[in-house]
Every structure is written in structure tokens, then in C-alpha cells.
Amino acid sequence: MTRSDVEQIKFLDLIMIAIGCMIFAFSLVLFNIKNKLADGGISGITLILKAVFKLNPAYTTLLLNGPLILIGYRYLGKKALIYTIYGTIMLSVWLWVWQQVKLSIDYNHDLLLAAISAGLTGGLGQGIVYRFGGTTGGTDIIAKMIHHFKGIPIGHTLFGLDLIILTFSLVYIDSRHMAYTLIYSFTLSKVVNLITEGPYEASGSFIISNQNSKIVNLVMKKMNRGSTIFEAEGGYSHKSSRVLFVVVSARELNELKKIVLSLDPAAFIVSFHVNEVVGEGFTYKRPNFLSRIKTGKKSPNFFLNKKTKSN
């Protein structure tokens, strides 16, 4: 391992991955195992092995992940490999710890509360692990290998593997518990997405109009948002045109449309969800419009011209 590889490993990442594994293990032991809620991935397999063969998940997590890491290490970067091994060990340690702690959360057999609690805490734990670049191994490695050899999207493989594991979970839970397991899985996925992607939602819009200059100025003045203008060509008419690109928060999208349509009722607008935005006005504070005029500065993406052609 080179010095640069070591420098990429951050102490804060390791601390937060350990905390995430602690929370996820807490959820598995106190909510999933106690209330017979299944799970997907390697965690789901360890729960099956515990229910059927009484094997401790703290040990089976290591036993199942070990061969996968050895086989799939070449498909992980050096940093990802180290974080995966570390995350797997931390999860096993905390699974063992929480099983030794004499703690019980009694929901009076209310599986709905148990499922939601498991989803919230488990999602929080997993989300923290993923947010800081970690993973607990498992089916993620299999999915990456299949993607490498077969080109199948990782998300599709993970969904298929989870479906198979949940189906096998019916050997120790009934259909009622499976229904609540699905509620748990849905809640967990939403919490994981919230933590990894953040609560801030953004929307991108492509705007084709004859009033681009006016739109740019009014958007900057009223919304304090920068814009990008692309030179484009119509696929049918082959006429040159200009396409305006603007990124705003989700709650600002309607305001943007009103501004555009007030200047050009015939404008063509295409809007879409943006998973992540890094930059001024989203991940750090943007100066207001008046301060830009005084300093003579423009938004980093203001009137950045690029040549494109539509199909």
C-alpha cells in the first residue's frame, strides 16, 4: 500500500463507520431478531442461520463476508477494501456486544412499531456507514463482480439477491412477519437515502426560449440563481438555438417556471430531479445579487458557453 493510499484513510471516517455499525447492530439485535423481522443481504442470511441453526450472527457475519472479500478484493479500490474489512469487523463486534447487553424493548407485540423502529435505527446506522465511504461487505461485493463480468446494473443485482434471501426467510417467519419486514425494508431504504443524499432536494431545468437573456437576468435578480447557456442545434430543423440550464432547489422550481413563462409563454421547459449538487448556493452560501453587482462577480456557471448538438 502506498503512502497516498494511507493518507486517503481518514480517522473521522473510521470513527463514524464504527458508530454506524454500532447503531445497525443494535437494530438487528433489539428489533429484527427480537421481533422475527427478516432482512436482505448477508445480514438476512445470518438471521436465517440464527433462526434455523442457532448460529451467532456475530460469527456468521465474519464467516460469510470473509470469502466474499477474498474473492472480490480486486473489484474494490484499496481504500474501499480497507473500509469494507473494517466495517465487517465492526459490525461483527457490535453484534456480539449487543447480544451480551441485557436490554429489551417491549412493544407489546406491536410489529408495526417494531418494523418502523428497525427501519429508522437500521437505516440511520447503514446511512452513516455509507455516508463516510464504508460498507459492511456482503452482497455489495457480489453485485460489483456480476456487474464487472455480465454488465448487469448493481442495483438490479442487489434487488434480486435481497428478493431471494427474503424468500428463503419464510422458512422461519410467517407471511404476517414478512409483511412487516417489507415495511421495515421500505423505511430503512428511505432513511439510508436521506442520510447519504441529504434532505436537500434540487431540480435541474433545460429551457429553450427566444428570451434567454431576459430570463437569465430575471432569475438572477429574483431568485439569485446562476445559469448556463449552451449553443445547440435542433434535430429536425437544424436551426441554431440556445439552451438555458438552471439548477434550483425543489421548492423554487415553480417560481422558476413562472418567471420563464411570464417572459415567454411559448418556452420549452424540461425539469428533472438532481441527486446531488456541489457548489455555490447549495453546499455553501451564495452572495446576494446586489453584492455581485458591486464586486462585478458573476456566478461560476453564469453564461458559460458550450457547443452541443441534439440528436
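By convention here, the first residue in the shown sequence is residue 1. Only this structure's heavy atoms are used, side chains among them; waters, hydrogens and symmetry mates stay out.
With respect to the salt-bridge test (charged N to carboxylate O, under 4.0 angstrom), the residues Glu233 and Lys239 do not qualify.
Considering all non-hydrogen atoms of both residues, Thr61 and Leu91 come closest at CG2-CD2, 4.2 Å.
By the side-chain hydrogen bond (donor to acceptor under 3.5 Å, both in side chains) test, Thr196 pairs with no residue at all, sequence neighbours left out. Considering only residues two or more places apart in sequence or on other chains, Phe168 meets the ring-ring contact (aromatic ring centres under 6.0 Å, His included) condition with none of them. Checked against side-chain hydrogen bond (donor to acceptor under 3.5 Å, both in side chains), Asp174 has the following partners two or more places apart in sequence or in another chain: His177.
Shown here is Phe53, whose CZ atom has no more than 12 heavy atoms of other residues, nucleotides or ligands within 6.0 Å.
In the model, Tyr59 has no side-chain atom that pairs as donor or acceptor with a side-chain atom of Thr46 under 3.5 Å. Side-chain contact check for Tyr184 and Asp39: at least one donor-acceptor pair (N or O, by modelled atom type) lies under 3.5 Å.
Taking 4.5 Å as the limit, some side-chain heavy atom of Tyr172 sits within range of a side-chain heavy atom of Leu47. Counting heavy atoms from C-beta on, the side chains of Trp94 and Phe24 never come closer than 4.5 Å. Side-chain contact between Arg242 and Glu231: present, with at least one pair of heavy atoms (C-beta onward) separated by less than 4.5 Å. At a threshold of 4.5 Å between non-hydrogen side-chain atoms, the residues Val260 and Lys257 do not count as touching.
Listed for the Glu252 side chain is a donor-acceptor partner under 3.5 Å among the backbone atoms of Ser249. Remark: the backbone N or O of Met22 is paired with a side-chain donor or acceptor of Trp98 at under 3.5 angstrom.
Under the 30°/60° scheme for interplanar angles, the aromatic rings of Phe272 and Phe245 are found to lie parallel.
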